[in-house]
Protein chains: 2
Amino acid sequence: MPRAKSQSRENLLDSALSTFWKIGYHVVSMGDLVRETGVSRAGIYSDFGGKEDLFHACLDRYQDTVVTPAFAPVEAEGAGIEGIQKYFDNLLARFEDSGGFGMGCLVGNTLSQIPEDAQETRQKLRAHSDRLTAGFRKVLTLENGDHGPLSDAEIEALARYTTISVQGIWSYSRLTGDVAELRAASDMLIAVLKARLRGTPD
Amino acid sequence: MPRAKSQSRENLLDSALSTFWKIGYHVVSMGDLVRETGVSRAGIYSDFGGKEDLFHACLDRYQDTVVTPAFAPVEAEGAGIEGIQKYFDNLLARFEDSGGFGMGCLVGNTLSQIPEDAQETRQKLRAHSDRLTAGFRKVLTLENGDHGPLSDAEIEALARYTTISVQGIWSYSRLTGDVAELRAASDMLIAVLKARLRGTPD
DNA sequence: CTTTTTTTAGAATGGGCGTTCTTCTACATC
DNA sequence: GATGTAGAAGAACGCCCATTCTAAAAAAAG
């Protein structure tokens with residue numbers, strides 16, 4: 001019955017993910033993980049090899065269980081700007097569920113903690129960032145249509161800008177307890193995108 | 001001759017600041033600080049009391065020696081939107097000086113690492129965020145003039161949004177080695193501000 | 001039930017941590 | 001030159017870390 005093990009492995013990953021997310025890689029100890037996941041030390045080591053490998057597995061699981069569902073409205077076939085709006089709504093809902101301060105984004109949190117030579121980790125963070133940008137680019141391209149005001153280069157820049165701003169909002173969610181502040185920022189970002197799609201004079 | 005001591009204290013702070021900035025509070029060890037600052041353990045403890053107090057002192061020094069000079073064009077009397085542009089130029093210049101990846105912003109880095117109950121630290125981060133927002137608010141108010149298109153509430157939201165976006169750009173500077181990507185984002189932000197000051201239809 | 005394999009709890013290990021304390025050096029004052 | 005004092009170096013302390021190992025329990029297979 002290999003099902004049981006693979007299921008407990010996923011529970012382990014989920015617990016570890018939320019622990020890393022909440023307090024950060026360096027602060028989490030293996031003792032914390034044993035306590036939080038309910039899995040023995042030997043079990044963790046035999047399944048993942050060590051703390052760093054476990055963390056990498058958590059980054060992957062974060063993509064699957066957090067980013068993919070939340071970002072689905074953007075990545076959906078034919079998604080328009082309302083898909084981006086829905087994505088922001090998902091983030092705000094997650095913030096409200098947390099009560100008090102948010103946990104931010106695991107990727108953004110990690111980004112500010114990795115040493116310069118953590119190449120594998122940085123590559124995963126880069127992949128996340130590129131994923132978001134690709135989603136926004138697709139939506140913006142579709143909304144812009146064949147004869148919209150934006151060139152491909154402008155769409156690219158706007159998509160990257162959106163990714164960067166979203167990370168800023170995520171990050172700020174760790175500092176404020178007020179969802180209205182976050183909503184104001186995400187509304188502003190949406191308004192900016194709409195205005196540019198309509199062709200704003202600079 | 002108390003001069004010597006107070007000067008070495010500032011050197012200590014500067015060294016500690018750059019160490020914390022580069023690799024983050026939790027990763028820096030007292031041994032690192034002794035090595036980097038050239039000050040004895042006893043000296044650090046007698047001057048600052050401990051690692052956390054030293055870090056708080058570094059956050060304050062960061063304001064004085066990094067934020068104040070870089071942000072001066074925004075906080076200057078009568079500063080307009082070109083002051084914000086100059087501020088971004090300062091950040092980009094700092095990024096280019098670092099060669100390779102940037103270090104981001106000490107405040108943003110710290111924000112993603114603090115536990116929920118680190119109240120004194122969080123308060124300093126909040127103060128930084130509010131400082132930036134106040135600077136942007138002042139510029140936007142002046143640019144908007146008496147009969148501009150923006151209400152006070154809109155200015156407030158736009159100022160906060162600018163702060164959040166800037167933090168996003170800072171954060172992204174740890175992920176990219178390409179100054180052009182950062183410049184594109186800051187140019188976009190400037191264009192957004194100008195467009196809204198000109199009265200953009202949403 | 002017996003045997004074999006897997007999984008567990010937790011002790012052991014070696015090392016690094018923040019902090020304190022002791023010792024020694026260097027210099028100012030007389 | 002002798003004495004007193006501040007500062008530096010680094011040893012010492014107790015604790016916690018990631019990782020490994022051991023021995024017992026639990027589960028699976030026959």
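The chains referred to below are lettered A, B, ... by the order of the sequence lines, with proteins before strands, and numbering in each begins at 1. Every value quoted in this text rests on a predicted model; they were computed, and no experiment measured them.
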Run the ring pair (Phe, Tyr, Trp, His ring centres under 6.0 Å) test against B/F20 and tell me which residues pass, sequence neighbours left out.
B/Y25, B/F55

B/L33 CG to C/dT19 P, straight-line distance once rounded to whole Å:
11 Å

Return the set of residues passing side-chain hydrogen bond (donor to acceptor under 3.5 Å, both in side chains) with B/S129 (not counting sequence neighbours), or none when no residue passes.
B/R160

Within residues 20-30 of chain A, those residues having any heavy atom closer than 4.0 Å to DNA chain D are A/V28, A/S29, A/M30

Applying ring pair (Phe, Tyr, Trp, His ring centres under 6.0 Å) as the test, list every pair that has at least one member in residues 163-194 of chain B; sequence neighbours left out.
none

Nearest-Å distance, CG (A/L12) to P (C/dT7)?
13 Å

Distances for protein N/O vs nucleotides 8-13 of chain D N/O pairs under 3.5 angstrom?
none

side-chain hydrogen bond (donor to acceptor under 3.5 Å, both in side chains) partners for B/S171, two or more places apart:
none

My understanding is that only residues two or more places apart in sequence, or in another chain, count here; which of them pass ring pair (Phe, Tyr, Trp, His ring centres under 6.0 Å) with A/Y45?
none

Provide, to the nearest angstrom, the distance between the CG atom belonging to A/D32 and the P atom belonging to D/dC17.
7 Å

Check whether the side chains of A/S29 and A/D32 place a donor and an acceptor atom closer than 3.5 Å, and report yes or no.
yes

Residues forming a side-chain hydrogen bond (donor to acceptor under 3.5 Å, both in side chains) with B/S15, sequence neighbours excluded
none

Gap between atoms CG and C1', on A/D47 and D/dT19 respectively (whole Å)
16 Å

Does anything in residues 111-144 of chain B pair up under ring pair (Phe, Tyr, Trp, His ring centres under 6.0 Å), and if so which pairs, sequence neighbours excluded?
B/F71-B/F136

